[in-house]
Amino acid sequence: MGLLHYFQFAVACAFGLWYSLWIILHLVLSFMKGPITFVKDFFKKRDVMPSCLNDPGLGSHEFVHLKEVRLHYVANGNKKKPLMLLVHGFPEFWYSWRYQLREFRKQYRVVAIDQRGYGDSDKPSGVKNYSTEKLTGDIKQLISALGYSRCVLVGHDWGGAVACHFAMCNPEMVEKLIILNCPHPAIFASYMRKNLEQFRKSWYMMFFQVPVLPEIAFWANDFKLLESILLGEKGGVQSQETTAADIEAYKYCFSSKGSVTNPLNYYRAAFRYPLDKKNIRLIEKPTMIIWGCPDVALNQELAPLAGKLVPDLTIKYIEDASHWIQQDRPNEVNKFIWEFLNQ
Ligand SMILES: *[C@@H]1O[C@H](CO)[C@@H](O)[C@H](O)[C@H]1NC(C)=O
């Protein structure tokens, strides 16, 4: 690790502490409004799986044992069809792909995973277990374990970063790459250093470097933060495609043990263990980025910037879709994906 990296990590932690003061203030105010409810919410149990997670129309629930972890996934479509692998982001899980699991089963074996640390997949302890190399390694082992040598790889948010990294390291295993609202991981850090607007938008990444407090912020008020991230007026899903029942499914998923800490560890690992330079190379495979423009966390300019490392790049914008694009605008996203696959 270079000096720049240590400096960057120190700056992130310093800002993280500063943002923590605001979050603590917020939590204290919320506690004072209703101390009993506030405390009770921390002990609220969700034991019954919401029925939408067991909808057979979405596919069947399966598990696969990899070298380090057992991953859970939902699969739809014929096993003889080519593989389409769907990798979710933060703070989400396989269910983010519900519209794609139904749509692409017609021509693909569609597999939506819970990445390690999420949902019903194993949640190894410690930050180091969530480095991009580890996450990418899971994808590689998974494709083989499913009996395939290559796939159409689709990633959103953190899943997009993992997918890009995977495509750099294992191009022969990627037929086509589709990235939804995610910057290329090899350009993001340097972009954030130079762009004040993006730096501000990334405040939460710095806050996540702080131990425990981000977890408490998520648990507080019955996962109100999760709800406002996904459905809130500012930045949440803009269409009617995500309902209160869907959000309940998210809350159920993030209620089990370790279900908040380990997803946060993705951000902690990213700041501590930067990408290995030897893995950074051009992605030569046909790639499409679909970008919901008013993303409150990511500057739109990040989409074309990926072109520096991805020569065969198509970009599709959806002007008024949120960051949660595949569940906000499933019809448009699915149409773009079909067009790209049929080219
Ligand atoms: C990674 O996870 C495994 C399994 O939970 C654990 O034994 C190991 O100590 C973890 N590694 C680190 C560096 O925390």
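We count ligands from 1, going down the list as the structure has it; atoms in each ligand are counted the same way.
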Got the closest protein heavy atom to atom 4 (C) of ligand 1, with its distance? P124 CB, 4.0 Å
Ligand 1 atoms in contact with G126 (distance to a heavy atom under 4.0 Å): 14 (O)
Are F207 and Y19 near enough that their ring centres are under 6.0 Å apart? no
Can you confirm, on distance only, whether ligand 1 has an N/O atom lying under 3.5 Å from any N/O atom belonging to K128? no
Taking the ring centre of each residue, are Y266 and Y118 less than 6.0 Å apart? yes
Looking only at protein heavy atoms, which one is nearest to atom 9 (O) of ligand 1, and how far off is it? S125 OG, 4.7 Å
Under 3.5 Å donor-acceptor, N129 side chain and S125 backbone: yes
If you compare V69, N129, D122 by their heavy atoms, the one closest to atom 8 (C) of ligand 1 turns out to be N129
The test is side chain to side chain donor-acceptor pair (under 3.5 Å); show your working for Q238 and S322 and say whether it passes. CA-CA 6 Å; Q238 305 291 303; S322 65; 5.3 Å; no
For the pair D276 and K278, find out whether any cationic side-chain nitrogen is under 4.0 Å from an anionic carboxylate oxygen. yes
